[in-house]
S.K.: 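A single structure is presented below for examination.
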Amino acid sequence: MAIRISEDGRLIRLETKTSVYQMKTDAFGTLWHTHYGEKTGEDDLSYALYMRQRGHSCNPYEVGMTDRSYSLELIPQELGCFGGSDFRSPALRVRFADGARTLQLRFESCRAENGKYALDALPASYDETGDAQTLTVRLTDAEAKIAVELRYGVFEEADVITRTMRVINESDAPVFLEKAASLCVDFPRGDYELLTFCGRWAKERIPERLPLRQGMNAIGSTRGFSGARFNPSAMLLEQGATETYGKAYGFAFVYSGDFLLEAERDTIVGTRVLLGINPDTFEWKLAPHEAFQTPEALMTFSDSGISGISLRFHRFISRHIVRGTWRAKPRPVLLNNWEGTYFNFDGEKLVQMARRAAEAGVELFVLDDGWFGARDDDKRALGDWTPNEKKLGCTLAELADRIRAEGLQFGLWFEPEAISEDSDLYRAHPDWAVAIPGRKPSLSRYELLLDLSRRDVQDYLIRELSDRIREAKLTYLKWDLNRSLCDRYTASLPAERQGEMPHRYILGTYRVLDALCKAFPDLLIESCASGGSRFDAGMLCYTPQIWTSDDTDPIERLQIQHGTSMIYPVSTMGAHVSASPNHQTGRVTSMKTRATVAMSGTFGYELDATKLTDAETAQMRRQIETFHALYDLLQHGDYYRLLPPDSDSATVWEQAACDGSRALVNIIVHGVRPSPLEKRFLVQGLCDEKNYRISLIDPDDLAKLPPRQQELFGGGILSGRTLRTVGLYVPEGALSREESGDYPSYQILIEQI
Ligand code: DGJ
């Protein structure tokens, strides 16, 4: 049993493979958070939480005359609320009809059930393996007539606990929710470091690790979607924790809208971590007897450092977030025309590109922006999802047939949430665009957003997209989004409910995606937001892969994919080989290096295939063959970061089969030096007692090595234990410019014999 509840219902223990989470109700009905971390004995762990009287602490009325050391601000709690004697950032703040905001929640009941809860209208993790149980804890404020249900999904084998909250207004007057965080964990210590994933367009999810300062440490988004600036995920690390050592906690949000992640280090008791919808842009009116459901948050614990968190999240996201046909089915290698042509193409050009791509073994052709309405640049036509037959030289269905006749499947780009002022859709429905009546809205990439909080707009999109999917028999759809949400207003809600608009917008987006997933279960949807600006576990519930970044330079991608891999698995990260010199940086790299990086993502190409030489097409064919041969390892192997991109000279990462039978080591030399130093790395995920054969995948690489290294990398045999403890080194020569040129790459296969 992953969930154990004491007979009197006061002590609750959630147990996963390597962690324990415990909560305890005290004599006053306060629900304490007593432990999250390594496995412990089955004791009541509240004894270890130290509490003594502090000046200016307030005491709940019932205890105020008897125990001055009892203050909510000194107690680690399952749900910190605003207004009582807890002055830390609250997980829940409610404004009552009289303007008061104090909530005093007390434990009422709890129950455990087999299986994983599902959420209405919101994405959530699921379980088909029989691994999960659900705990529901009900807390109530009898005077204010507010009830809260905390729900926990306990995935024992996957080592992940999920949490969500439902707030119910049981009174006869409306109340306003001002803040409703999904996750609240009070740690009894303060000396942690916070690892977040920060960036900007074309530089998404770069890790930043800082010690917690006393006070508030927070990241978030108010852009209407999760954004490129801060990812809705983080890790809390004990000081000294490394990639492979030390205690670490991981958090991720199954939500794609405005979020706030807070790590508040108190000057006395410890650290409170909150993750939820951003209260700055949120308010929700709860009419009498209505309930509000928060999105789901995920948490995991590892005592093997950062990589322990990554491995747990990778497995969890692959098995319990990503769903449907494409969860396990091999994804097709694609050619996307965007960087190959931008808006300048016609039907003939596309067919020629598809023909060349088919020769190289590409399986899916994706027609990106510019195929509809008057869309010859990015100033117009968003919303007019009518194929531009003049530009294509035929109907969309005919073009799709021609591409299929070349042996490729066909996929199409949309930016469903956007609308251009210069579009037929805007001329017909100006009120569908997000704007404040009587005021000029902000533009972004010349565009506006559709008001997806409106049901009529959602229905229109479901119809339009479904028609195109049927018409062109699409096997793939790219769902792009290229602007933030501002000038928030919806004609569908009264003034006092405008604070609901951003969350309703995301619910609307989810409803459209859900309808498409249900109507077209075999359609592969890849989401995208100006590259990787909406990369979160919420989108992954509908779209099994996400375009990681508009930056396709492989050397830049090392950092971007490294940071993304801390939370998200390879099988979710869109990665393409583009042209050299690269369009974003002008950097020149070999096609081999570009492919080595892109293979550690959902692999594809994004270039003008008609410009490839025969030799390049042949090279592409070999790359695709290698990708297919190593598909399981690359996409589903356990992922280890062996040398990070900010290390001197080389980035190294590895995918190992879950049973330790083989592994692939990928090496990119990102800094050539005239007199290089040895670069050694330790191979992970193998069996100590087994022996392994080591071979470079590309025979041309081997021929360039000095004889002693040819022996090692051309079939040398070492034990798993030696590979783990002594390791391998980056092949010599690669590190110096004279012998190898810039940015050489290697793939080394390690196979059990
Ligand atoms: C932004 C995306 O990130 C690109 O891949 C491409 O689809 C363009 N939009 C098209 O406008």
Side-chain angles (χ1 to χ4, degrees), residues 118 122-129 158 160 204-205 225-226 231-233 252-256 296 298 310 313-334 336 363-364 366 409-414 416 465 469 474-481 509-529 531-549 561 564-565 567-576 598-604 627-628 631-637 639 655:
L122 275 166
S125 58
Y126 66 100
D127 179 42
E128 287 173 347
T129 61
V160 167
E204 296 91 342
R205 290 170 296 286
F225 61 104
S226 44
N231 192 259
S233 61
F253 205 15
V254 190
Y255 188 62
S256 315
E296 176 175 273
L298 314 176
S310 303
F313 271 154
H314 290 180
R315 290 180 193 148
F316 187 79
I317 289 171
S318 307
R319 291 175 201 165
H320 301 290
I321 291 285
V322 171
R323 61 202 69 196
T325 306
W326 294 97
R327 188 183 73 78
K329 186 172 168 180
R331 318 266 174 80
V333 175
L334 63 81
N336 177 304
E363 296 152 305
L364 165 71
V366 179
Q409 302 157 41
F410 185 62
L412 209 51
W413 177 98
F414 292 85
L465 294 173
I469 294 166
L474 298 183
T475 39
Y476 166 106
L477 186 151
K478 180 172 170 186
W479 180 299
D480 200 354
L481 167 69
T509 306
Y510 288 151
R511 180 172 168 255
V512 177
L513 280 162
D514 190 52
L516 295 181
C517 289
K518 286 191 174 123
F520 305 99
D522 294 333
L523 181 73
L524 173 61
I525 309 181
E526 175 159 351
S527 67
C528 168
S533 297
R534 189 162 61 181
F535 207 121
D536 56 66
M539 289 310 280
L540 288 172
C541 289
Y542 307 97
T543 76
Q545 57 194 60
I546 301 179
W547 182 226
T548 311
S549 177
Q561 292 179 198
T564 307
S565 80
I567 303 288
Y568 304 99
V570 161
S571 58
T572 63
M573 284 190 236
H576 299 167
M599 277 186 206
S600 284
T602 65
F603 188 45
F627 179 71
H628 283 314
Y631 186 88
D632 276 341
L633 207 47
L634 281 161
Q635 301 291 304
H636 303 301
Y639 189 89
Q655 285 102 339

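For this chain, numbers begin at 1 and follow the sequence in order. These figures come from a predicted structure and were not determined experimentally.
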S.K.: Would you say Phe414 and Asp480 make side-chain contact, with heavy atoms under 4.5 Å?
M.R.: no
S.K.: Is there a side-chain contact between Leu474 and Phe520, using heavy atoms and a 4.5 Å cut-off?
M.R.: no
S.K.: Taking the side chain as every heavy atom from C-beta outward, state whether Ile317 and Val322 have any atom pair closer than 4.5 Å.
M.R.: yes
S.K.: Evaluate side chain to side chain donor-acceptor pair (under 3.5 Å) for Thr564 paired with Arg205, printing each intermediate quantity in order.
M.R.: CA-CA 6 Å; Thr564 307; Arg205 290 170 296 286; 2.9 Å; yes
S.K.: Could you state the interatomic distance from CD1 (Ile567) to CG (Asn231), rounded to the nearest 0.5 Å?
M.R.: 7.0 Å
S.K.: Answer yes or no: is there a donor N or O on one side and an acceptor on the other, between the side chain of Arg534 and the main chain of Gly532, under 3.5 Å?
M.R.: no
S.K.: Below 4.5 Å, heavy atoms only, C-beta onward: do Ser527 and Leu513 meet side chain to side chain?
M.R.: no
S.K.: What pairs with Tyr510 under ring-ring contact (aromatic ring centres under 6.0 Å, His included), at least two apart in sequence or on another chain?
M.R.: Tyr542
S.K.: Looking only at non-hydrogen atoms, find the nearest pair between Lys478 and Cys528 and report the distance.
M.R.: CE-SG, 3.8 Å
S.K.: Taking all heavy atoms of Met599 and all of Phe603, pick out the closest pair and write down the distance.
M.R.: N-CD1, 3.7 Å
S.K.: Roughly how far, to the nearest 0.5 Å, is OG1 of Thr325 from CZ of Arg331?
M.R.: 11.0 Å
S.K.: Where the side chain of Tyr476 meets the backbone of Trp413, is there a donor-acceptor pair that is under 3.5 Å apart?
M.R.: no
S.K.: Could you tell me if the side chain of Thr572 sits less than 4.5 Å from the side chain of Ile546, heavy atoms only?
M.R.: no
S.K.: Roughly how far, to the nearest 0.5 Å, is CG of Leu540 from CZ of Phe535?
M.R.: 6.0 Å
S.K.: State whether the side chain of His314 and the backbone N or O of Tyr568 hold a donor-acceptor pair below 3.5 Å, judged by distance alone.
M.R.: yes
S.K.: Please verify the inter-ring angle class for Tyr255 with Phe253; under 30° counts as parallel, over 60° as perpendicular, anything in between as tilted.
M.R.: tilted
S.K.: How close do His636 and Ser571 get, heavy atom to heavy atom, and via which atoms?
M.R.: CE1-CB, 4.4 Å
S.K.: So do Val512 and Pro416 actually touch side chain to side chain, heavy atoms under 4.5 Å?
M.R.: no
S.K.: Run Trp479 and Thr509 through side-chain contact (heavy atoms from CB on, under 4.5 Å) and show every step you take.
M.R.: CA-CA 11 Å; Trp479 180 299; Thr509 306; 4.0 Å; yes
S.K.: Between Arg511 and Asp514, is any pair of side-chain heavy atoms under 4.5 Å apart?
M.R.: no
S.K.: Would you find a donor on one side and an acceptor on the other, under 3.5 Å apart, between the side chain of Gln409 and the backbone of Thr475?
M.R.: no
S.K.: Without swapping roles, check the side chain of Thr548 against the backbone of Gly574 for a donor-acceptor pair under 3.5 Å.
M.R.: yes
S.K.: Less than 4.5 Å apart, any side-chain heavy atom of Asp522 and any of Lys329?
M.R.: no
S.K.: Where is the tightest heavy-atom contact between Leu364 and Gly411, given as atom of each residue plus distance?
M.R.: CD1-N, 3.8 Å
S.K.: Can you list the residues that meet the side chain to side chain contact (heavy atoms under 4.5 Å, CB included) rule with Ser600, with sequence neighbours excluded?
M.R.: Gln561, Leu634, Trp653, Gln655, Asn666
S.K.: Suppose we screen for side chain to side chain contact (heavy atoms under 4.5 Å, CB included). Which residues come up paired with Ala158, at least two apart in sequence or across chains?
M.R.: Asp131, Phe155, Phe316, His320
S.K.: If you count heavy atoms of other groups shown closer than 6.0 angstrom to CZ of Arg319, is the number above 12?
M.R.: no
S.K.: Might you point out which heavy atoms bring Gln545 and Glu526 nearest each other, and give the distance in Å?
M.R.: NE2-OE1, 2.7 Å
S.K.: Please assess Ser310 against Tyr639 for the test side-chain contact (heavy atoms from CB on, under 4.5 Å), listing each intermediate value before the final yes or no.
M.R.: CA-CA 8 Å; Ser310 303; Tyr639 189 89; over 6 Å; no
S.K.: Backbone N or O of Leu334 within a donor-acceptor pair of the Glu363 side chain at under 3.5 Å?
M.R.: no
S.K.: So which heavy atom on Ala537 is nearest to which on Val254, and how close?
M.R.: O-CG1, 3.7 Å
S.K.: Take Ser318 and Arg327, measure what side-chain contact (heavy atoms from CB on, under 4.5 Å) needs, and give me the verdict at the end.
M.R.: CA-CA 7 Å; Ser318 307; Arg327 188 183 73 78; 5.7 Å; no
